[in-house]
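Written out below as structure tokens is the structure these notes cover.
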2 protein chains.
Amino acid sequence: MPWAYALCVYALSCSMWRENVFPMNVGIKDVARVAAVSPATVSRVLAGRTVDPVMRDRVLEAVRETGYRPNLAARRLRSRHTKTIGLIVADIRNPFFTAVSRTVEAIAYDHGLRVIFCNTDEDAAKEAMYMQLMQEERVTGVILAPTREGADRIAHLESDFPIVLIDRAAPNASCDSVVLDNEAMAARLVVHLHRLGHRRIAGLFGTDTVTGRERCDGYERAMAECGIPGEVVPVPHEREQAQRVIAALLGDVARRPSALVVSNSVMLQSVLRVADTLGLEIPRDLALTSFDNEPWMEFVAGGLSVIEQPVEEIGRTAVTMLLDRLDHADCVTRRVVLAGRFIARGSGGRGAEA
Amino acid sequence: MPWAYALCVYALSCSMWRENVFPMNVGIKDVARVAAVSPATVSRVLAGRTVDPVMRDRVLEAVRETGYRPNLAARRLRSRHTKTIGLIVADIRNPFFTAVSRTVEAIAYDHGLRVIFCNTDEDAAKEAMYMQLMQEERVTGVILAPTREGADRIAHLESDFPIVLIDRAAPNASCDSVVLDNEAMAARLVVHLHRLGHRRIAGLFGTDTVTGRERCDGYERAMAECGIPGEVVPVPHEREQAQRVIAALLGDVARRPSALVVSNSVMLQSVLRVADTLGLEIPRDLALTSFDNEPWMEFVAGGLSVIEQPVEEIGRTAVTMLLDRLDHADCVTRRVVLAGRFIARGSGGRGAEA
DNA sequence: AAAACATCAGAGAACGTTTTCCCTATTTTT
DNA sequence: AAAAATAGGGAAAACGTTCTCTGATGTTTT
């Protein structure tokens, strides 16, 4: 009784008898028989190759009549191209990734490619498992937002298919990649806060990603250039732990900075939660800036000042690069660095930027 | 030059020569040769069937040595079970669906099932295309959040695989389904607002989904029971259009209600946007209640009062039902109705609920 | 000790396509 | 008008597995 937790379970329409209108499995041979042609001809018609029009029509009619649907497994086995790409993201709850995924999917389908979508939850083991799956699926290529371990592993790995890294890629990565200019964008946030008069600016960055690393570098560089000491706070991915770390930072009045640079929107939500429980008002008690832009950010904390990533462009570029790589396998690896857009709203506090 | 828009493109590591350490395509036969056994035996070892231990070890060693990876296309073709389920959602940007997807994926993988993830963007044509794809993939089953047209179509359709409807299902649907008790939950929101003293409560519901329909019914019933006239506002899915409709409602001071019941979180964001541009403060000028709970909702409009859906339970139940249906194909169809949880925060305005 | 039975490895068919090869019919060239 | 070239359809192989069937090797029963 697996539905014990259900509010109620209705049972309906008793006899769903399977009267099979069509023979259970219609194959290309059945179509061929009905159309009185050879299987090869049916295949040719379906592939859109030149076939005598009268035969073609006979085949098409037979397809309609029999309700034939090609078997993709068989097709892929024989033709040896799967027309499938893998998309492996690190956190499906992060709207940045869902936005990129949506674009990737749409563009891939425009190119007649199916996409296998996977979510690793920042878990290197799951990631490895999925990469193996990609191999077993004999995918055409993979678009991957790797964990840090994953990024390392890929550097040493010679895979059977091209890989395009998104969002996270070491500068010396051995495959194509499309990333944000994380350093510059993190620096932009620091400069923004500095101009607003903040001098105690802490940086919260993920411990497990090269993206976090890069943003941290940009933060540190900018802080140095501003001539103020920085405090880098490594924040784990898991929500509970993240909130503990943040609470430790903000709960101690002596330690508490006046402003924060936060590495992404899920981390930002942990910050908001902690600030709320501590009774901190934003931006009065704590100024906030972050990466990623989402609709609700307009309405929180007087409008959050953030770096917006060009999500469509990231997705589009990734697919384009992958496709291009298929044609030019031995070409040099490329690294595309995209600029983000800084959106100034109210969460920086302390008067307006010049 | 498809990267004209790039901030910069680095070209790296020139000669990625493909020195194939292993023969390009290692098959089960190659493994068999190396292990000096028959292909059948290799297959048996890989399937975990009883094989002489010494042979088994030889095979395992040969697998390691050759770097063999099974070809899933071939396996699926021959064995005639794909161990794959389809998951078709209507809007990947809606966090409700991403949350459900995450659960479905995790549970499916626990059961050794792969999932093909698809996003229809509320487009019936895309949905139909994906359903056809599922057929061509010969999936084991499908979990589907249908558009309204899709729900209608499925009622007449006799598909080759079981389908479990989630989130949206007509009460008379011809397949298994797991849904929220939309009527009761919508009524709950109305009652909440009524108790707070609101008398002019409008309901905003999607035009294209049976979920919207059901929530609307609950809203109307509850309004009638409270003895106050309701105003139902159909809101299209597309963002621009949605905002126009909402602006028309809230912009006209005479027409403007004092409180709103909103059907989901993406619609809610449109409401927030419009309220913001109109300079309406929440809950002072407009009380707000909605479906779906997300972390940021704590921090907007004094805390949004919402109906939280049991997302994990929905995903888990859907997979369980699908699996169960495979064992009991001719069983009656089941409809699981889950209760949501009402979370009262501040956005209802006008004093506290009794 | 012989007969019946169980166990398990190998040979080869099968899964549903695409593709190669060959052959015929037609068109083009000389 | 004959020869060469081209086009397009059919037969059969091939893709990499799993599965059925058969036979051999032990193991138990009488």
Side-chain angles (χ1 to χ4, degrees), chain A residues 22-60 62-63 66-84 112 114 133 135-140 160, chain B residues 22-60 62-63 66-84 112 114 133 135-140 160:
Chain A
F22 306 124
M24 196 55 149
N25 273 320
V26 188
I28 210 171
K29 292 180 183 176
D30 304 295
V31 177
R33 190 161 11 81
V34 172
V37 299
S38 77
T41 302
V42 177
S43 175
R44 280 188 267 254
V45 170
L46 264 34
R49 266 183 281 233
T50 56
V51 171
D52 187 303
V54 29
M55 280 189 148
R56 192 172 48 98
D57 292 348
R58 273 220 313 272
V59 169
L60 260 23
V63 165
T66 55
Y68 168 78
R69 286 288 113 213
N71 182 321
L72 291 186
R75 177 175 291 178
R76 287 200 268 258
L77 172 59
R78 172 62 236 214
S79 71
R80 312 181 61 70
H81 55 285
T82 54
K83 299 224 172 204
T84 298
R114 222 171 54 71
L133 176 68
Q135 209 167 113
E136 301 184 352
E137 290 277 5
R138 306 292 194 266
V139 293
T140 310
D160 300 336
Chain B
F22 306 124
M24 194 57 149
N25 273 319
V26 188
I28 210 170
K29 292 181 182 175
D30 303 297
V31 177
R33 189 159 14 81
V34 171
V37 299
S38 77
T41 301
V42 177
S43 176
R44 278 188 270 255
V45 170
L46 265 33
R49 265 180 283 230
T50 57
V51 172
D52 187 302
V54 30
M55 280 190 148
R56 194 172 47 97
D57 291 348
R58 274 221 312 272
V59 169
L60 260 21
V63 166
T66 55
Y68 168 78
R69 288 287 113 213
N71 181 322
L72 291 187
R75 177 174 291 178
R76 288 201 267 258
L77 172 59
R78 173 62 237 214
S79 72
R80 309 181 63 68
H81 56 287
T82 54
K83 300 223 172 205
T84 297
R114 222 172 52 71
L133 176 67
Q135 210 167 113
E136 301 184 353
E137 291 277 5
R138 304 293 194 268
V139 292
T140 310
D160 300 336

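Note on naming: letters A, B, ... go to the chains in the order of the sequence lines (proteins, then strands), and numbering restarts at 1 for each one.
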If I take atom [atom1] in residue [X] and atom [atom2] in nucleotide [N], what distance separates them, rounded to the nearest angstrom?
X: B/Arg69; N: D/dT17; atom1: CZ; atom2: P; value: 11 Å
X: B/Ile28; N: C/dA11; atom1: CD1; atom2: P; value: 14 Å
X: B/Arg75; N: D/dC15; atom1: CZ; atom2: P; value: 19 Å
X: B/Leu77; N: D/dT17; atom1: CG; atom2: C1'; value: 8 Å
X: A/Lys83; N: C/dT18; atom1: NZ; atom2: P; value: 12 Å
X: A/Arg80; N: D/dT17; atom1: CZ; atom2: P; value: 10 Å
X: A/His81; N: D/dC15; atom1: NE2; atom2: C1'; value: 13 Å
X: A/Leu46; N: C/dT18; atom1: CG; atom2: C1'; value: 11 Å

Donor-acceptor pair under 3.5 Å, A/Arg78 side chain vs C/dT18 base: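 Result: at least one qualifying N/O pair found.
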Polar side-chain contact B/Arg44-C/dG10 base: donor and acceptor under 3.5 Å: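 Per atom types, the contact qualifies.
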Least distance between heavy atoms, B/Ala35 atom then B/Ala62 atom: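 So the minimum-distance heavy-atom pair works out to CB-CB, 3.7 Å.
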Minimum-distance pair of heavy atoms, taken over all atoms of B/Val31 and B/Val59: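 The answer is CG1-O, 4.2 Å.
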Any B/Ser79 side-chain N or O less than 4.0 Å from OP1/OP2 of D/dT17: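 So the side chain of B/Ser79 is outside the cut-off, no N or O lying under 4.0 Å from OP1 or OP2 of D/dT17.
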DNA chain C contacts among residues 49-60 of chain A, heavy-atom distance under 4.0 Å: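 When residues 49-60 of chain A is checked for heavy atoms under 4.0 Å from DNA chain C, the hits, listed by number, are A/Arg49.
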Test item: A/Asp30 side-chain N/O and A/Gly27 main-chain N/O as donor-acceptor pair under 3.5 Å: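 Confirmed, A/Asp30 side chain pairs with A/Gly27 backbone.
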What's the spacing between [X] [atom1] and [Y] [atom2] if we round to 0.5 Å?
X: B/Asn71; Y: A/Arg80; atom1: CG; atom2: CZ; answer: 8.0 Å
X: B/Arg69; Y: A/Arg138; atom1: CZ; atom2: CZ; answer: 9.0 Å
X: A/Arg56; Y: A/Arg49; atom1: CZ; atom2: CZ; answer: 14.5 Å

Pair B/Arg114 + A/Glu137, salt bridge at N-O below 4.0 Å: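 Result for this pair is yes, salt bridge flagged.
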Position toward the 5' end of DNA chain C (nearest nucleotide), B/Arg138 or B/Ser38: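 Upstream on the strand: B/Ser38.
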Shortest side-chain distance from A/Ala40, nucleotide among D/dG16, D/dA12, D/dC19: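 Looking only at side-chain atoms, A/Ala40 lies closest to D/dA12.
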Touch class at under 4.0 angstrom, heavy-atom based, for B/Thr41 against every strand present: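 Touches sugar-phosphate only.
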